[in-house]
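Given the structure is predicted, the values throughout are model-derived calculations rather than measurements.
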Amino acid sequence: MGRIPRDYLINRLVTLVLTILIAATIIWIIPRLSPVDPAEIALGRMAAGAGTVANSEEILAQLRAQMGIDQPLIVQYFKYLSGALVFDFGLSTAAFPTPVATLILNALPWTLGLMILSLLITFFIGNLLGALMVWEKSPNLVKVAIPAAMVFTSIPPILSGLLLMWIFSAKLQWFPLTGAYSIFVEPGWTWTFVQSVLYHGFLPALSIVIVTFGFWALGMRGLMITVQGEDYVTLAKAKGLKPRYILYRYMIRNAILPQITAFALKIGLLIAGQVLVERIFAYNGMGKLLYDAILNQDFPVIQGVSYVIILMTAVSVFLVDLLYPFIDPRIRHEAA
């Protein structure tokens, strides 16, 4: 296994499984503390759509059986866990009888695309700007402009989204107001469709980027201040190495490791932050799906989306932890 001891790998795998198990259990418990009956909600929607529902008691019992909530709690719990292993979260109550897994599969690619794009942009730009704020060779204009730009980091993503919509969509009409792609384009792996997706996703991604890059910049600035006083940096300067080489080879490379850990942890937080952004841009991702599920008290969808977010975050942290020695050869995993 190379630099990863077997005992360490087993220990981390056990921790990963326990983390997901505990989180999945909490997700399962919380909706059951609510007095709301999801079968009654589904029946209510049927009655609202049809005007009236005959044999409502019988239909209510059928709905409870289909949702599995007529069984003892312990049976429901183990069915939920076994279903989560294969991403079977039951049926949506708001879009009954559509499976929750279908809704998540339809929304996940959009969220992943938006999240990966905005996360990579903010990570690289934020860390670069944070390093330049400390680097003694940076122009004074950079050191003044970057803190000024970080004013935007105190703005919630929904407000930055509304501001961008007003400027670039309503006033300048450079970008569309809503949607993930043009309704006149057929979805598929074609350049026309890709262009449409990038065009529609620009403002949602930008609204996240301008309010989150400061997180990386401030974090990197603090780490760079610590690193620039280290002996190896002083020695590199004494040896007459080029400032740009010292910046990259000795300062950024040593300061970036904690940021990489934060990168994995940020995945879950970023999805949570995307919820309202996806909602106001009518972007068909996990955030919009979760927002609508909360409004409709669609507990199976809330459980499914939350589980996928936790799973993505836990697996990301696990992989980053294992990849640390490959990123920095000075680090060695110790066997448990």
Side-chain angles (χ1 to χ4, degrees), residues 1-30 77-89 100-101 104-105 107-109 111-124 126-127 212 215-216 219-220 222-224 226-227 230 232 248-274 286 303-336:
M1 202 62 196
R3 297 190 180 98
I4 305 174
R6 189 182 64 176
D7 291 346
Y8 179 83
L9 180 60
I10 294 173
N11 185 40
R12 287 294 292 117
L13 278 172
V14 171
T15 304
L16 172 67
V17 172
L18 286 178
T19 301
I20 295 172
L21 178 63
I22 293 171
T25 301
I26 293 173
I27 293 170
W28 179 82
I29 290 174
I30 291 176
Y77 176 66
F78 282 105
K79 279 194 171 181
Y80 161 75
L81 289 182
S82 61
L85 288 175
V86 293
F87 298 97
D88 179 5
F89 305 103
V100 174
I104 292 176
L105 277 177
L108 188 59
T111 289
L112 285 179
L114 185 60
M115 181 188 69
I116 291 172
L117 180 65
S118 55
L119 190 55
L120 288 177
I121 292 173
T122 53
F123 181 80
F124 285 108
N127 283 304
T212 54
F215 168 83
W216 302 107
M220 191 62 176
L223 293 167
M224 289 286 288
T226 303
V227 170
E230 295 291 339
Y232 53 80
Y248 169 72
R249 186 67 177 81
Y250 288 83
M251 298 178 72
I252 292 181
R253 282 196 63 178
N254 287 287
I256 199 71
L257 285 175
Q259 297 290 78
I260 294 175
T261 305
F263 181 87
L265 294 173
K266 198 71 176 172
I267 290 176
L269 297 175
L270 191 58
I271 293 179
Q274 283 184 199
M286 297 273 281
Q303 286 179 343
V305 173
S306 302
Y307 176 81
V308 171
I309 293 173
I310 289 169
L311 185 66
M312 289 169 57
T313 306
V315 172
S316 300
V317 173
F318 171 75
L319 292 177
V320 167
D321 195 17
L322 294 185
L323 291 174
Y324 250 30
F326 299 97
I327 299 170
D328 187 344
R330 298 170 304 173
I331 294 177
R332 295 286 186 275
H333 290 305
E334 296 293 337

Mind checking whether Gln303 and Ile30 have side chains closer than 4.5 Å, heavy atoms only? no
Can you find a pair of side-chain heavy atoms, one from Val227 and one from Tyr250, that are under 4.5 Å apart? no
For a 4.5 angstrom cut-off between non-hydrogen side-chain atoms, does Phe87 reach Ile104? no
Do Leu112 and Met312 have side-chain heavy atoms sitting under 4.5 Å apart? yes
Find out whether Phe318 and Thr19 are in side-chain contact, i.e. whether some heavy atom of one side chain is under 4.5 Å from a heavy atom of the other. no
Nearest-0.5 Å distance, CH2 of residue Trp28 to OH of residue Tyr307: 15.5 Å
Got Leu21 and Leu81 here, is their nearest side-chain heavy-atom distance under 4.5 Å? yes
Heavy-atom closest pair (Arg249 atom, Asn254 atom, distance to 0.1 Å) is O-ND2, 4.1 Å
Can you run down the side chain to side chain donor-acceptor pair (under 3.5 Å) pairs that involve residues 77-89, sequence neighbours left out, and say none if there aren't any? Thr25-Tyr77, Gln71-Lys79
Going by the salt bridge (charged side-chain N to carboxylate O under 4.0 Å, His left out) test, which pairs reach into residues 306-315, not counting sequence neighbours? none
Taking all heavy atoms of Gly304 and all of Val100, pick out the closest pair and write down the distance. CA-CG1, 4.4 Å
Under 3.5 Å, side chain of Thr111 to main-chain N/O of Met286, donor-acceptor pair present? yes
Does any part of the side chain of Leu322, heavy atoms only, come nearer than 4.5 Å to the side chain of Tyr8, both counted from C-beta? yes
Audit row: Val315, Leu319, side chain to side chain contact (heavy atoms under 4.5 Å, CB included) steps and yes/no: CA-CA 6 Å; Val315 172; Leu319 292 177; 4.0 Å; yes
Kindly compute the distance separating CZ (Phe123) from CD1 (Ile256), expressed to the nearest 0.5 Å. 4.0 Å
Interatomic distance, OG1@Thr15 vs CD1@Ile10, rounded to 0.5 Å, equals 11.5 Å
Give, for atom CD1 of Ile252 and atom CE of Met224, the distance between the pair rounded to the nearest 0.5 Å. 5.0 Å
Exam field: side chain Gln259 to backbone Gly219, donor-acceptor pair closer than 3.5 Å: no
